[in-house]
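Order of listing sets the numbers, starting from 1, for every ligand and every atom in it.
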Amino acid sequence: EPLVQLRGVGKSFGGTTALAGLDLTVGQGEFVSLVGPSGCGKSTALRLVAGLSQPTRGDIHWAPGVAEGRAGRGRDVAFVFQEPTLLPWSRVWANVYLPLRLRGESRAAARDRVDEALALVGLADFHDAYPRELSGGMKMRVAIARALVTRPRVLLMDEPFAALDEITRTRLNDDLLRLWGEQRWTVLFVTHSVYESVFLSQRIVVMAARPGRIIDEAHVAAPYPRE
Ligand code: ADP
Ligand code: ADP
């Protein structure tokens with residue numbers, strides 16, 4: 001069933017139309033990629049879905065029960081950006097704990113969930129490390145753990161691996177696909193890599209620029225069968 005539906009969602013900045021009327025339905029548990037050239041409005045679309053900015057026209061309809069937070073749909077929807085944006089003076093565990101701390105959860109209450117999130121991304125042994133001790137790929141894994149620690153239903157990812165070398169990116173793609181199979185998130189993944197979109201997603205939504213809009217959609221055979 002649909003988890004989120006965009007109906008004629010548009011966004012203008014001043015006199016410029018960044019997005020012209022997006023119609024998009026994302027099903028529960030679906031992995032959907034948004035691909036298209038720079039400036040076609042992928043990030044803008046993702047930020048609208050996250051509730052980080054408001055559409056200038058159209059509406060976004062969520063399935064009942066998807067929690068609304070103060071900064072958008074913070075509780076059920078997690079966002080991963082291209083830069084890992086870790087706090088450099090905080091250890092790995094403290095970076096992952098941050099979203100729970102912001103919700104007022106004590107360190108003791110959060111400990112198991114922080115450990116679980118680090119284990120999911122293969123960084124259990126780096127619990128006490130500082131970000132500067134980690135490679136680029138490992139930092140991105142920490143950022144993913146920080147998104148996962150809230151146990152979101154929806155993962156919004158904006159070119160999360162774009163700054164990484166190809167080998168690291170391939171590894172993280174493998175890991176993300178495995179996690180998606182295990183965790184049954186709904187994922188909306190922005191990339192300018194058609195390769196990545198074909199590898200990861202069940203459905204590819206192709207966008208074009210000036211003005212930003214959807215021009216095509218393709219279904220991809222599921223890489224691994226899910227019951
Ligand atoms: P993409 O993620 O596909 O590269 P963006 O969503 O970042 O595209 O941008 C789409 C268009 O909207 C671009 O023309 C961009 O310059 C414009 N845009 C995005 N954010 C803003 C903003 N805050 N103010 C003005 N223009 C913006
Ligand atoms: P990148 O993804 O940036 O290439 P890697 O994740 O491959 O970095 O890790 C860089 C180095 O850290 C490698 O030597 C790797 O063996 C080591 N490393 C990465 N993850 C772990 C882990 N979970 N446990 C132990 N060593 C790790």
Identify, with sequence neighbours excluded, every residue that meets side-chain hydrogen bond (donor to acceptor under 3.5 Å, both in side chains) alongside Glu217.
-> Arg203
Are side-chain N/O atoms of Thr191 and Glu196 paired as donor and acceptor at under 3.5 Å?
-> yes
Judged by modelled atom types alone, do Thr168 and Asp165 share a side-chain donor-acceptor pair under 3.5 Å?
-> yes
Sub-4.0 Å heavy-atom environment of ligand 1, residues by chain | Phe13, Ala18, Pro37, Ser38, Gly39, Cys40, Gly41, Lys42, Ser43, Thr44
For residues 33-45, which side-chain N or O atoms pair as donor and acceptor with protein atoms under 3.5 Å away, sequence neighbours left out?
| residue | atom | partner | partner atom | Å |
| --- | --- | --- | --- | --- |
| Ser33 | OG | Ser201 | OG | 2.7 |
| Lys42 | NZ | Gly36 | O | 2.9 |
| Lys42 | NZ | Pro37 | O | 3.1 |
| Ser43 | OG | Asp158 | OD1 | 3.3 |
| Ser43 | OG | Asp158 | OD2 | 2.9 |

With a cut-off of 3.5 Å and sequence neighbours excluded, list every side-chain donor-acceptor pair involving residues 3-19.
| residue | atom | partner | partner atom | Å |
| --- | --- | --- | --- | --- |
| Arg7 | NE | Asp59 | OD1 | 3.1 |
| Arg7 | NH2 | Asp59 | OD1 | 3.0 |
| Lys11 | NZ | Gln54 | O | 2.7 |

For the pair Glu116 and Arg111, find out whether any cationic side-chain nitrogen is under 4.0 Å from an anionic carboxylate oxygen.
-> no
